[in-house]
Amino acid sequence: MVWLLRLLLVCLFIFIIFVTIKFLLKPTRKLEVARKHKRFLLIDNAEVTKNFRLTYNGALFTGEKYLGATKNTIDVVSISLWPDQTTSIQGMAKEDFYFIERKIHERYPVAQINWKSPIDEFLHKK
(Lines give C-alpha, C1' and ligand atoms only; values in the text may rest on other atoms or scores of the structure.)
Protein backbone atom coordinates (compact mmCIF):
# COMPACT_ATOMS: atom_id res chain seq x y z
CA MET A 1 0.00 0.00 0.00
CA VAL A 2 2.84 2.39 0.83
CA TRP A 3 4.48 1.67 -2.56
CA LEU A 4 1.27 2.50 -4.36
CA LEU A 5 1.02 5.81 -2.52
CA ARG A 6 4.65 6.65 -3.34
CA LEU A 7 4.10 5.82 -6.99
CA LEU A 8 1.02 8.04 -7.06
CA LEU A 9 2.97 10.93 -5.48
CA VAL A 10 5.82 10.57 -8.02
CA CYS A 11 3.32 10.57 -10.89
CA LEU A 12 1.61 13.65 -9.45
CA PHE A 13 4.97 15.40 -9.07
CA ILE A 14 5.94 14.64 -12.69
CA PHE A 15 2.53 15.85 -13.89
CA ILE A 16 2.86 19.15 -11.99
CA ILE A 17 6.33 19.75 -13.45
CA PHE A 18 5.05 18.99 -16.96
CA VAL A 19 2.10 21.38 -16.65
CA THR A 20 4.33 24.13 -15.23
CA ILE A 21 6.87 23.85 -18.06
CA LYS A 22 4.09 23.78 -20.66
CA PHE A 23 2.56 26.93 -19.15
CA LEU A 24 5.88 28.80 -19.06
CA LEU A 25 6.67 27.99 -22.69
CA LYS A 26 3.24 28.89 -24.06
CA PRO A 27 3.63 31.40 -26.93
CA THR A 28 0.59 33.49 -26.03
CA ARG A 29 1.95 34.01 -22.52
CA LYS A 30 5.28 35.16 -23.96
CA LEU A 31 3.43 37.53 -26.27
CA GLU A 32 1.45 39.03 -23.40
CA VAL A 33 4.58 39.51 -21.27
CA ALA A 34 6.34 41.23 -24.18
CA ARG A 35 3.31 43.47 -24.73
CA LYS A 36 3.25 44.51 -21.07
CA HIS A 37 6.96 45.33 -21.15
CA LYS A 38 6.57 47.15 -24.51
CA ARG A 39 9.11 44.95 -26.31
CA PHE A 40 9.08 43.55 -29.83
CA LEU A 41 8.14 39.87 -30.21
CA LEU A 42 6.99 38.00 -33.30
CA ILE A 43 5.20 34.67 -32.82
CA ASP A 44 4.94 32.81 -36.11
CA ASN A 45 3.99 29.31 -37.09
CA ALA A 46 5.87 27.63 -39.93
CA GLU A 47 2.57 26.92 -41.65
CA VAL A 48 1.69 29.57 -44.21
CA THR A 49 -2.04 29.14 -43.63
CA LYS A 50 -1.74 30.33 -40.01
CA ASN A 51 -1.60 33.99 -39.07
CA PHE A 52 1.27 35.39 -37.05
CA ARG A 53 1.06 37.76 -34.13
CA LEU A 54 3.47 40.39 -32.99
CA THR A 55 3.71 43.02 -30.34
CA TYR A 56 5.62 46.27 -30.35
CA ASN A 57 5.45 49.25 -28.04
CA GLY A 58 2.48 47.80 -26.16
CA ALA A 59 0.32 47.18 -29.25
CA LEU A 60 -0.70 43.77 -30.60
CA PHE A 61 -0.78 43.15 -34.33
CA THR A 62 -2.03 40.24 -36.43
CA GLY A 63 -0.56 39.40 -39.80
CA GLU A 64 -2.10 37.25 -42.50
CA LYS A 65 0.32 35.59 -44.94
CA TYR A 66 -0.42 34.89 -48.59
CA LEU A 67 1.54 32.39 -50.66
CA GLY A 68 2.56 33.12 -54.22
CA ALA A 69 5.18 32.55 -56.88
CA THR A 70 8.46 34.44 -57.02
CA LYS A 71 11.15 34.12 -59.69
CA ASN A 72 12.60 30.86 -58.38
CA THR A 73 10.34 29.61 -55.58
CA ILE A 74 6.90 29.64 -54.09
CA ASP A 75 7.03 31.79 -51.01
CA VAL A 76 5.07 34.29 -48.92
CA VAL A 77 4.60 37.25 -51.27
CA SER A 78 2.03 39.34 -49.44
CA ILE A 79 1.25 40.09 -45.81
CA SER A 80 -1.77 41.99 -44.50
CA LEU A 81 -1.15 43.52 -41.11
CA TRP A 82 -3.57 45.19 -38.70
CA PRO A 83 -3.70 46.13 -35.00
CA ASP A 84 -5.93 44.11 -32.70
CA GLN A 85 -7.16 47.32 -31.05
CA THR A 86 -6.81 50.60 -32.88
CA THR A 87 -6.60 52.52 -29.61
CA SER A 88 -3.37 50.72 -28.71
CA ILE A 89 -1.46 52.38 -31.58
CA GLN A 90 -2.09 55.87 -30.26
CA GLY A 91 1.17 57.79 -30.00
CA MET A 92 3.11 55.57 -32.41
CA ALA A 93 5.21 57.30 -35.08
CA LYS A 94 5.94 56.31 -38.67
CA GLU A 95 9.36 55.05 -37.59
CA ASP A 96 7.65 52.49 -35.34
CA PHE A 97 5.73 51.02 -38.26
CA TYR A 98 8.84 51.05 -40.45
CA PHE A 99 10.68 49.13 -37.70
CA ILE A 100 7.92 46.51 -37.71
CA GLU A 101 8.17 46.23 -41.48
CA ARG A 102 11.96 45.74 -41.28
CA LYS A 103 11.54 42.95 -38.73
CA ILE A 104 8.94 41.20 -40.88
CA HIS A 105 11.17 41.54 -43.96
CA GLU A 106 13.93 39.74 -42.04
CA ARG A 107 11.71 36.66 -41.95
CA TYR A 108 9.88 37.14 -45.28
CA PRO A 109 12.24 39.13 -47.55
CA VAL A 110 10.10 39.08 -50.71
CA ALA A 111 6.79 39.84 -49.02
CA GLN A 112 4.93 43.06 -49.67
CA ILE A 113 3.38 44.39 -46.46
CA ASN A 114 -0.11 45.88 -46.69
CA TRP A 115 -1.29 47.76 -43.62
CA LYS A 116 -4.99 48.02 -42.97
CA SER A 117 -6.79 51.18 -41.95
CA PRO A 118 -5.99 53.52 -40.15
CA ILE A 119 -2.26 52.78 -40.40
CA ASP A 120 -2.28 52.69 -44.20
CA GLU A 121 -3.67 56.23 -44.39
CA PHE A 122 -1.21 57.42 -41.75
CA LEU A 123 1.84 56.03 -43.59
CA HIS A 124 0.78 57.46 -46.95
CA LYS A 125 -0.15 60.91 -45.63
CA LYS A 126 2.32 63.61 -46.62
Side-chain angles (χ1 to χ4, degrees):
M1 187 67 169
V2 174
W3 288 101
L4 185 62
L5 184 60
R6 286 182 183 169
L7 180 65
L8 183 66
L9 285 175
V10 168
C11 290
L12 181 65
F13 182 70
I14 291 172
F15 177 74
I16 289 172
I17 289 175
F18 174 75
V19 168
T20 303
I21 290 173
K22 194 171 180 179
F23 171 75
L24 291 175
L25 297 178
K26 192 174 183 181
T28 54
R29 192 191 73 79
K30 288 181 182 180
L31 191 69
E32 188 59 30
V33 168
R35 185 192 65 78
K36 285 181 183 176
H37 290 106
K38 296 189 175 187
R39 292 180 298 177
F40 177 82
L41 180 66
L42 175 71
I43 302 290
D44 190 11
N45 195 331
E47 292 182 43
V48 177
T49 58
K50 300 221 177 186
N51 293 350
F52 66 84
R53 298 187 42 107
L54 67 89
T55 182
Y56 179 69
N57 205 13
L60 282 171
F61 297 91
T62 302
E64 190 172 350
K65 305 175 273 188
Y66 299 100
L67 200 63
T70 62
K71 288 183 180 181
N72 299 327
T73 60
I74 295 178
D75 205 359
V76 175
V77 294
S78 179
I79 295 175
S80 292
L81 199 60
W82 64 91
D84 286 0
Q85 296 178 350
T86 54
T87 57
S88 65
I89 62 172
Q90 183 177 358
M92 292 180 77
K94 288 184 180 182
E95 292 79 26
D96 296 325
F97 298 111
Y98 295 145
F99 173 79
I100 293 171
E101 286 183 359
R102 279 194 309 274
K103 288 295 190 176
I104 293 172
H105 278 298
E106 288 176 7
R107 183 164 288 189
Y108 302 107
V110 296
Q112 177 185 2
I113 299 174
N114 303 313
W115 291 94
K116 294 202 176 172
S117 184
I119 299 170
D120 185 46
E121 291 87 11
F122 175 65
L123 292 177
H124 291 103
K125 186 186 341 179
K126 293 185 178 187

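Hydrogens, waters and symmetry mates play no part in the numbers below; they use all other heavy atoms, side chains included. A quick note: this is a predicted structure, and the numbers were derived from the prediction, not measured.
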Practice problem: Only counting residues at least two apart or in another chain, list the ones meeting salt bridge (Lys or Arg N to Asp or Glu O under 4.0 Å) with Asp75. | Solution: none

Exercise. Could you check if a side-chain atom of Asp120 sits within less than 4.5 angstrom of a side-chain atom of Phe122, using non-hydrogen atoms only?
Key: no

Practice problem: Compare all side-chain heavy atoms of Ile43 with those of Thr55 and state whether any distance is below 4.5 angstrom. | Solution: no

Practice problem: Using the side chain to side chain contact (heavy atoms under 4.5 Å, CB included) rule, take Leu42 and Arg107 through it: C-alpha gap first, then chi angles, then the decisive distance, then the call. | Solution: CA-CA 10 Å; Leu42 175 71; Arg107 183 164 288 189; 3.9 Å; yes

Practice problem: Answer whether the closest heavy-atom distance between the side chains of Leu123 and Lys94 falls below 4.5 Å. | Solution: yes

Self-check item: salt bridge (Lys or Arg N to Asp or Glu O under 4.0 Å) involving Arg39 - partner list, sequence neighbours excluded
Solution: none

Quiz item: Does any non-hydrogen side-chain atom of Ser80 lie less than 4.5 Å from one of Tyr66?
Solution: yes

Quiz prompt | Heavy-atom side-chain proximity of Val77 to Thr70 below 4.5 angstrom | solution = yes

Quiz item: If we ignore angles and hydrogens, is there a donor and acceptor under 3.5 Å between the side chains of Glu32 and Thr28?
Solution: no

Quiz prompt | Joint hydrophobic cluster, Ile113 plus Phe52, side-chain heavy atoms closer than 4.5 Å | solution = yes

Quiz item: Does Ile104 reach the side chain of Leu54, with side-chain heavy atoms less than 4.5 Å apart?
Solution: yes

Quiz item: Going by heavy atoms in the side chains, are Val76 and Val110 under 4.5 Å from each other?
Solution: no

Quiz item: Would Leu5 and Met1 count as a side chain to side chain contact (heavy atoms under 4.5 Å, CB included) if you check the C-alpha gap in whole Å, the side-chain angles of each, and the deciding distance to 0.1 Å?
Solution: CA-CA 6 Å; Leu5 184 60; Met1 187 67 169; over 6 Å; no

Exercise. State yes or no: are the ring centers of Tyr56 and Phe97 separated by less than 6.0 Å?
Key: no

Self-check item: Partner of Asp44 under side-chain hydrogen bond (donor to acceptor under 3.5 Å, both in side chains), chosen from Lys50, Lys65, Arg53
Solution: Lys65

Quiz item: Looking at CD of Glu101 and CG of Asp96, how far apart are the two atoms once the value is rounded to the nearest 0.5 Å?
Solution: 11.5 Å

Practice problem: For Trp82 and Glu64, test the side chains for any donor-to-acceptor distance below 3.5 angstrom and give the result as yes or no. | Solution: no

Self-check item: Heavy-atom side-chain proximity of Thr62 to Leu81 below 4.5 angstrom
Solution: no

Without placing hydrogens or testing angles, list every side-chain donor-acceptor pair under 3.5 Å for residues 14-27, not counting sequence neighbours.
from  : atom 1 : to    : atom 2 : distance (Å)
Thr20 : OG1    : Ile16 : O      : 2.8

Quiz item: Counting only heavy atoms not in Leu12, do more than 12 fall under 6.0 Å of its CG?
Solution: yes

Quiz prompt | Audit row: Ile119, Glu121, side chain to side chain contact (heavy atoms under 4.5 Å, CB included) steps and yes/no | solution = CA-CA 5 Å; Ile119 299 170; Glu121 291 87 11; over 6 Å; no

Exercise. Is it possible for you to say whether Phe99 and Met92 belong to one hydrophobic cluster, with membership spreading through side-chain heavy-atom contacts below 4.5 Å?
Key: yes

Exercise. Might you point out which heavy atoms bring Ser88 and Gln85 nearest each other, and give the distance in Å?
Key: OG-O, 2.6 Å

Quiz item: What is the minimum heavy-atom distance between Phe61 and Asp84, and which atoms define it?
Solution: C-OD1, 4.1 Å

Quiz item: Is there a chain of hydrophobic side chains (I, L, V, M, F, W, Y, each step under 4.5 Å between heavy atoms) that links Tyr108 to Leu67?
Solution: yes

